[in-house]
Asker: 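Just passing along the structure, written as structure tokens.
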Amino acid sequence: MSNGSPTGRRPIGVRIAGTGSALPQRRLTNADLEKMMETSDEWIVQRTGIRERRIIDRSKGESTSQLAAEALQGALADARLNATDLDLIIIATMTAEMSCPASASLVANMVGAGTCGAFDLTAACSGFVYGLNVAHDLIKGGAYRTIGLVGADALSTLMDYSNNGRSTSIIFGDAAGAAIIKATDDTSKGLLAQAMHSDGRGWKEIYVPRCAEDFPPGIAADDAKYNHVQMNGASVFKFAVGTFPELIQQTLDSAKVAASEVDMYVCHQSNQRILTAARERFGLAEDKLYVNIDRFGNTVGASVPLCLDELRKSGRIRDGHKVMFVAFGGGLTWGSSLWQL
Ligand code: UT7
């Protein structure tokens with residue numbers, strides 16, 4: 001374990017050594033939602049591309065931390081490492097069970113990671129991409145060699161599955177995805193460019209009120225909305241369609257890489273129409289921008305690592321590839337991470 005003992009100034013590379021993911025058992029299909037609120041499979045598929053999502057059942061032991069621990073264990077096994085090899089655990093989540101302890105502390109205990117560092121990172125849907133940049137640079141700085149990074153969320157715990165919540169509850173699903181970020185002697189591997197942005201003026205586009213004082217000016221406080229995601233869908237949609245291509249272009253420019261040189265774009269699964277707009281803007285072939293939103297919905301912090309795990313396991317992302325990770329979400333936040341694997 002190298003935590004707290006810098007490896008000196010010898011240049012090091014950073015690689016993604018393993019990935020894993022976890023899903024709740026219960027499937028919530030569009031047909032199920034039709035029975036809970038006034039909506040239709042046709043409306044949901046047309047507006048979002050989503051056909052089903054998974055949601056947790058806490059009475060069966062499922063939770064954000066449980067999913068995160070399962071995903072991390074999968075990633076450790078994939079990297080052929082033990083939990084005690086980890087120097088640090090970072091969990092990107094907005095749905096930790098408690099505000100204290102951090103989900104990362106619970107996960108460290110569940111996987112048996114001993115006394116390694118553990119903290120949560122909150123940047124909504126951008127959390128995992130922010131985490132990739134943070135973990136990379138902590139390793140590059142020399143003080144850490146092996147970091148378990150997880151994106152895990154259970155937005156079902158913040159949904160109103162009635163007519164009042166139909167514009168948000170149809171979108172979100174629960175999941176976790178994990179990656180082991182590790183030092184390597186191969187200095188060609190690691191980040192080619194990164195970006196992390198936020199515009200707090202847009203906080204009221206997606207928020208979760210807990211009390212009357214949390215509502216934005218001009219919006220009447222309503223206790224029926226407490227602990228339920230409030231989202232201005234049309235406004236977030238517009239923000240995303242503009243931001244995604246701009247962010248991708250800026251990241252390509254700063255790495256001096258052409259769009260066509262990137263082997264795979266792993267983008268936050270927010271809405272099929274937003275993904276299609278970004279792909280068309282760069283004239284990318286359909287198989288270069290991965291989509292799994294039809295099966296899992298928008299899983300917030302888990303969305304990007306869930307795609308990453310599927311792509312690695314199917315061999316569509318491998319050593320030597322250039323991969324662009326992009327996400328945007330509540331905050332508002334947005335970020336990118338362009339890797340040479
Ligand atoms: O990752 C976090 C970031 N979040 C996002 O990326 C979300 C981005 N936004 C979106 O994906 C879309 O805005 C939504 C899918 C949320 C909504 O689609 P939209 O095309 O923007 O619909 P809308 O909210 O403008 O609503 C259009 C109509 C309304 O009816 P009226 O007022 O035109 O009569 C809604 O009441 O659709 C109605 N509607 C629904 N109808 C059937 C809203 N939700 C539903 C529903 N089923 N579930």
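Remember, it's 1-based here, ligands and their atoms both numbered in the order they're listed.
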Asker: Establish whether Tyr130 and Leu191 are linked, either directly or via other cluster members, by ILVMFWY side-chain heavy-atom contacts under 4.5 Å.
Answerer: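 Yes.
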Asker: For a side-chain hydrogen bond (donor to acceptor under 3.5 Å, both in side chains) with Arg53, tell me which candidate from Asn298, Asp294, Asn30 qualifies.
Answerer: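 When side-chain hydrogen bond (donor to acceptor under 3.5 Å, both in side chains) is applied between Arg53 and each of Asn298, Asp294, Asn30, only Asn30 qualifies.
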Asker: Identify the two heavy atoms, one from Trp339 and one from Leu132, that lie closest to each other, and give their separation to 0.1 Å.
Answerer: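 Nearest heavy atoms, Trp339 then Leu132: CZ2-O, 3.9 Å.
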Asker: Which protein residues have a heavy atom closer than 4.0 Å to any atom of ligand 1, listed by chain and number?
Answerer: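 Residues within 4.0 Å of ligand 1: Glu38, Thr39, Trp43, Arg47, Thr48, Cys125, Arg166, Ser167, Ile170, Ile171, Ile206, Met231, Gly233, Ala234, Val236, Phe237, His268, Ser270, Asn271, Arg273, Ile274, Asn298, Phe328.
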Asker: Looking at Thr187, Ile139, Leu138, Asp186, which hits side chain to side chain contact (heavy atoms under 4.5 Å, CB included) with Val14?
Answerer: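 Of Thr187, Ile139, Leu138, Asp186, side chain to side chain contact (heavy atoms under 4.5 Å, CB included) with Val14 is met by Ile139 alone.
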Asker: Counting only heavy atoms not in Arg273, do more than 12 sit closer than 6.0 Å to its CZ atom?
Answerer: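 Atom CZ in Arg273 is packed in, count exceeds 12.
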Asker: Distance check, rounded to the nearest 0.5 Å: Cys267 atom SG versus Met324 atom CE?
Answerer: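 One finds 8.5 Å between SG of Cys267 and CE of Met324.
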